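Quick notes on the structure that follows.
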Number of protein chains: 2
Amino acid sequence: MSSEKIKELFKSRGIKNTQQRQLIYDFLSKKNQPITAEEIYMVFSKKEKTRMNLSTVYRILDTFTKKGLVQKSGINIEGKSTYEINHMDHRHHMVCVKCNKILPIKGCPLDGYESYLGESTGFKIIEHHLEIKGICPDCQRK
Amino acid sequence: MSSEKIKELFKSRGIKNTQQRQLIYDFLSKKNQPITAEEIYMVFSKKEKTRMNLSTVYRILDTFTKKGLVQKSGINIEGKSTYEINHMDHRHHMVCVKCNKILPIKGCPLDGYESYLGESTGFKIIEHHLEIKGICPDCQRK
DNA sequence: AACGCACATGCAAACTATTTGCATTTGCGT
DNA sequence: ACGCAAATGCAAATAGTTTGCATGTGCGTT
């Protein structure tokens with residue numbers, strides 16, 4: 001997505017277009033998996049041109065989350081929260097317990113189940129998070 | 001479960017039987033839902049007889065988790081981790097986003113799906129956590 | 001194109017959950 | 001009952017995240 005497109009997206013959601021927000025949004029939209037605030041911070045703090053504060057990263061992630069651009073993923077890596085672009089297509093991941101690699105899985109196994117559950121319990125279901133842990137093929141070989 | 005039974009359980013897992021561990025295990029086994037370390041602490045710190053330190057609570061939960069007696073639930077309440085007895089029958093919960101009430105749901109919608117996923121991706125699946133958020137019937141009325 | 005204001009960022013400090021070091025206490029096998 | 005290894009209490013350290021405040025920047029208006 002071009003920076004012009006991102007700018008429009010921000011505008012449509014009432015988000016002021018700043019350099020830091022552009023950088024983070026662009027990065028997240030290319031990164032196809034949940035990532036921690038600190039990892040994002042590390043990526044940008046290395047280059048003079050993109051340097052930004054960790055609290056800025058947190059604030060931007062918070063803004064994006066409130067505006068629906070980003071989701072706080074259910075996956076926590078060593079006590080740290082992770083975030084990902086809010087794919088409009090609902091998505092889950094598998095995490096490798098050895099190397100912390102994360103990969104998205106296709107489809108949602110809860111499709112259909114939610115409405116059943118809502119009807120049988122009276123709960124009005126809003127969302128769900130599913131986290132699957134295992135050992136990836138690479139780590140199994142070792 | 002009687003305190004004698006709990007003692008035996010501890011012994012079988014190589015866990016020394018202390019008063020604090022008895023209290024926490026007994027409490028968790030009666031509490032049918034995930035709870036934070038601090039909530040546990042609050043329960044006991046009120047009575048002289050059962051008073052214990054917060055760090056002890058954390059340490060005990062950690063021990064229990066390592067020995068498989070307790071599970072760290074995927075549910076976080078306001079940034080705090082929650083724990084629950086490791087029901088051998090695999091279990092999930094729904095959380096009310098209004099009142100934070102947690103209630104267990106029957107059965108696991110991922111039965112069967114896991115093996116399919118493992119086969120199709122090469123991941124060796126170890127476990128999963130599912131968190132369902134919604135609004136409970138009580139809060140819907142308000 | 002410059003101006004001004006509301007909002008965003010940087011920085012440091014505050015907060016909160018959780019962990020850890022160490023002195024003391026307790027459980028349990030002998 | 002004794003003694004040692006392990007558990008607990010307490011206080012301080014960590015680590016992730018949030019916040020207050022001074023400064024900087026984007027954007028609508030002139």
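Please read all numbers here as calculations on a predicted model, not as lab measurements. Chain naming here is simple, since letters A, B, ... match the order of the sequence lines and numbering starts at 1 in each.
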**Request:** Report yes or no: is there a donor-acceptor pair, N or O only, under 3.5 Å between the side chain of B:R59 and the base of D:dG9?
**Result:** yes
**Asked** If you pin B:G79 and A:N53 to their nearest nucleotides in DNA chain C, which one's is more 5'?
**Response** A:N53
**Request:** Would you kindly give the CZ-to-P distance between A:R13 and C:dA8, to the nearest whole Å?
**Result:** 16 Å
**Asked** Could you state the CG-P distance from A:L23 to D:dG26, rounded to the nearest angstrom?
**Response** 12 Å
**Asked** Can you list the steps and then say if B:K98 with B:D138 is a salt bridge (charged side-chain N to carboxylate O under 4.0 Å, His left out)?
**Response** CA-CA 10 Å; B:K98 299 279 188 195; B:D138 290 348; over 6 Å; no
**Complete:** Ranking B:I15 and B:A37 by the position along DNA chain C of their nearest nucleotide, the one closer to 5' is B:A37
**Prompt:** D:dG16, C:dA17, D:dT17: which one has an atom nearest the side-chain heavy atoms of A:L54?
**Reply:** D:dT17
**Message:** Without decimals, in angstroms, what is the distance between A:K49 NZ and C:dT9 C1'?
**Reply:** 19 Å
**Prompt:** B:T36 and B:T82: side-chain donor and acceptor closer than 3.5 Å?
**Reply:** no
**Message:** Keeping B:N86 on the side-chain end and B:G68 on the backbone end, is there a donor-acceptor pair under 3.5 Å?
**Reply:** yes
**Request:** Please report, rounded to the nearest Å, how far the C1' atom of C:dA14 is from the OH atom of A:Y58.
**Result:** 15 Å
**Name of the residue among B:H129, B:E84, B:K101 meeting side-chain contact (heavy atoms from CB on, under 4.5 Å) with B:H93** = B:E84
**Prompt:** What nucleic acid atoms does B:I60 come within less than 4.0 Å of, heavy atoms only: base, sugar-phosphate, or nothing?
**Reply:** sugar-phosphate
**Among D:dT8, C:dG27, C:dT18, the nucleotide that comes nearest once only the side chain of B:K80 is considered** = C:dT18
**Request:** Round to a whole Å and report the spacing from CZ of B:F10 to C1' of C:dC28.
**Result:** 15 Å
**Prompt:** Atom CD of A:E78 to atom C1' of D:dT14: distance rounded to whole Å?
**Reply:** 14 Å
**Message:** Testing the 3.5 Å rule here: is there a donor-acceptor pair between the side chains of A:H92 and B:H128?
**Reply:** no
**Asked** Closer to the 5' end of DNA chain D via nearest nucleotide, is it B:R51 or B:K16?
**Response** B:K16
**Asked** OP1 or OP2 of D:dG26 sitting under 4.0 Å from any side-chain N/O of A:T18?
**Response** no
**Message:** Nearest whole Å is fine: how far is D:dT23 P from A:M52 CE?
**Reply:** 23 Å
**Message:** If you compare every side-chain N and O of A:S55 against the phosphate oxygens of C:dA12 (OP1, OP2), does one of them come in below 4.0 Å?
**Reply:** no
**Fill in**
Atom CG of A:L61 and atom P of D:dG16 are separated, to the nearest Å, by 15 Å
**Request:** Could you check whether A:Q19 gets within reach of a base, just the sugar-phosphate, or nothing at all, counting any heavy atom under 4.0 Å?
**Result:** nothing
**Request:** Would you mind classifying the nucleic acid contact of B:D62 as base, sugar-phosphate or nothing, using non-hydrogen atoms under 4.0 angstrom?
**Result:** nothing
**Request:** Counting heavy atoms from C-beta on, name the nucleotide in D:dG9, C:dC28, D:dG28 closest to the side chain of A:K11.
**Result:** D:dG28
